[in-house]
Amino acid sequence: MLRTRLVAAAMGAMWLVTVLVGVPAAAAATAPAHAADTSLAPPGRILPAQQESDEGIRGAIRDGEGEPVPDVVLIVSDSDGNEVGEATTDENGQWEVGVPGPGTYSVLLDEATLPEDVELRDAERNPLEVRVTSGRTVPAVFQVGEGDTGRQQLESIARATANGLKFGLIIAMAAVGLSLIFSTTGLINFAHGELVALGAMLTWYLNVGLAGDGGPYIPLILAGAIVILAVGLFGGGLERWLFRPLRRRRLGIFQLLIITIGLGLAIRHVLLLVFGGSPRTYRDFVGQSAVSIGPISLTPRDMVIMAASALILAAVATMLQRTRTGKAIRAVADNPALASASGIDVDRVILTVWITGAGLAATGGIFFGSAVSVDWFMGFRLLLLMFAAVILGGIGTYYGAMAGGIVIGLVTELSVLWFPSELKYMWALLALIVVLLVRPQGILGRRERVG
């Protein structure tokens, strides 16, 4: 009953915060993006707005047999309907158009320029809306031809699965910290998403912003290591000087939950005031060429993100199972009073959990920022998915949070194959509802007797 009430309170509070502050447009897709290089762009009409631009839209037109389709005209317009560029596919079916800056653009494929035996499969997705983030050239995908649709569908599923796995690993890493804090303290931390954004934005400042202010340039890996340590200590400070005194004053869980909402709002708007509202990208590992592994194309950056996320999750699981600290964390999660009577320093364990959870949140933010972009609102956008991962996997189970994060990531990216990308988070939450209807305790949760 306690967990049911906590979940209900959490969802109600999230609805209240959403109504109060609003939710901006959905996050950009996690597909790999590369820096623009207009010098290599196929022949096309370049408008003045495209000159000296670091952003762009690219693509490749291939028929059902996988053969390139040359001489196809594509027209790019901004959100106000003004044409910003036009390109014609080359002999390899590739095209690229530079755009004046970040924003949402419309890409129109001129169907009259397609060969007679080739047609656009989904005419309703023409024009195609594409969101461009700072310093990136993003893909726009049109499906044409009447060839082996089954094979192409399998290739699309394979690519979406790879992207979903990458996104799911990032969500899982951040969600594990959220689950650790809840299992040891019973606190639903609504400021956890802001720890994700704080890690991403501070890393951007050390990697990019500091050099722009006349300071030294710090490589992304070193900047990330510094920020992960700093955000971990910040999380420990919140526990030591805010939540521990409040627990000793015997504040209830609901009061503490409201405090985390206020803390999250404060951190979020401080980030807005300090860094502004524009999406930003890191200096390092931008513009990498994708490596094709069968139907899957991933940049080295994406491969490193996936491998590092898997290794970190494996290290956390090993720590929880094999080390004395991990066993103490599990003991406190099961029964704090009995753990204290057994000689375990409960306050020290909770402090360790806060430091670890905040560090994992910052790591997830850095990885997400490397794959997409960073902005002041990214933490709140990801917070709902982190909660969904924790509940889907089983409340209070660390491995469940990992499994739930991966499921959420896969459903999010696979849904884009059949539905508009703006609805991809909706399908992730719908998957949560379906799983809970079948298995109320979550994927790895345990049934509890009520009464």
Side-chain angles (χ1 to χ4, degrees), residues 1-21 23 171-198 234-236 238-239 242-247 249-268 329 332-334 336 346 349-351 353-358 360-361 364-365 379-402 404-405 408 428-429 432-433 436 440-446 448:
M1 290 295 292
L2 175 60
R3 289 185 177 179
T4 302
R5 291 173 182 173
L6 289 175
V7 173
M11 293 303 179
M14 289 192 73
W15 174 85
L16 176 62
V17 173
T18 303
V19 171
L20 291 175
V21 304
V23 180
I171 293 294
M173 187 161 44
V176 166
L178 186 65
S179 181
L180 284 171
I181 293 172
F182 172 78
S183 62
T184 52
T185 65
L187 175 64
I188 301 174
N189 181 19
F190 277 85
H192 197 76
E194 272 49 62
L195 297 178
V196 173
L198 183 64
F234 176 71
L238 290 177
E239 156 58 19
L242 178 61
F243 291 106
R244 184 183 299 178
L246 292 176
R247 286 198 307 272
R249 291 177 178 270
R250 300 191 180 278
L251 261 69
I253 289 296
F254 187 75
Q255 290 94 325
L256 293 175
L257 183 148
I258 297 300
I259 289 172
T260 65
I261 294 176
L263 180 63
L265 287 170
I267 296 175
R268 187 182 316 147
I329 291 173
V332 172
D334 287 339
V346 174
V349 169
I350 294 176
L351 180 64
V353 165
W354 268 91
I355 294 173
T356 303
L360 289 171
F380 188 79
R381 283 197 301 267
L382 296 176
L383 181 64
L384 187 60
L385 298 181
M386 288 187 281
F387 274 118
V390 171
I391 297 172
L392 180 63
I395 296 178
T397 62
Y398 324 110
Y399 303 116
M402 298 178 189
I408 291 294
L429 298 178
L432 166 66
I433 295 173
L436 293 182
Q441 70 270 31
I443 297 174
L444 299 180
R446 292 177 298 179
E448 293 191 1

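Throughout, numbering of the chain's residues begins at 1 and tracks the sequence.
The CD1 atom of I391 sits 9.0 Å away from the CG atom of L178 when rounded to the nearest 0.5 Å. Separating the CG atom in L195 from the CG atom in L383 is a distance of 10.0 Å, to the nearest 0.5 Å. Interatomic distance, M402 CE to I171 CD1, rounded to the nearest 0.5 Å: 14.5 Å. Note that OG1 of T356 and CG of L351 are 9.0 Å apart. Values are rounded to the nearest 0.5 Å. Summarising the geometry, atom CG belonging to L180 is positioned 13.0 Å from atom CD1 belonging to I355; distances are rounded to the nearest 0.5 Å. Of the inter-residue distances, the one linking F380 atom CZ with I267 atom CD1 reads 14.0 Å to the nearest 0.5 angstrom.
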Show me the donor-acceptor pairs, under 3.5 Å and distance only, between side chains in residues 250-260 and residues at least two apart or in other chains.
from: Q255; atom 1: OE1; to: G252; atom 2: N; distance (Å): 3.3
from: T260; atom 1: OG1; to: F190; atom 2: N; distance (Å): 3.2
from: T260; atom 1: OG1; to: L257; atom 2: O; distance (Å): 2.5

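Annotation: side chain of L238 is in contact with side chain of L263 (closest heavy-atom distance under 4.5 Å).
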inquiry  = Between L187 and W354, does the side-chain contact (heavy atoms from CB on, under 4.5 Å) criterion hold? Intermediate values first, please.
reply    = CA-CA 11 Å; L187 175 64; W354 268 91; 3.9 Å; yes

inquiry  = Using side-chain contact (heavy atoms from CB on, under 4.5 Å), reason through I350 and R244 one step at a time and then give a plain yes or no.
reply    = CA-CA 9 Å; I350 294 176; R244 184 183 299 178; 6.0 Å; no

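With sequence neighbours left out, A401 forms a side-chain contact (heavy atoms from CB on, under 4.5 Å) with A175, V176, S179, V390. The ring-ring contact (aromatic ring centres under 6.0 Å, His included) check on F234 picks up nothing, with sequence neighbours excluded.
Nearest heavy atom pair, residue A389 against residue G405, reads CB-N, 3.4 Å. Across every non-hydrogen atom of G404 and L392, the tightest pair is O-CD2, 3.9 Å.
Screening residues 184-196 for side chain to side chain donor-acceptor pair (under 3.5 Å) gives E194-R268 as the qualifying pairs, with residues at least two apart or on separate chains.
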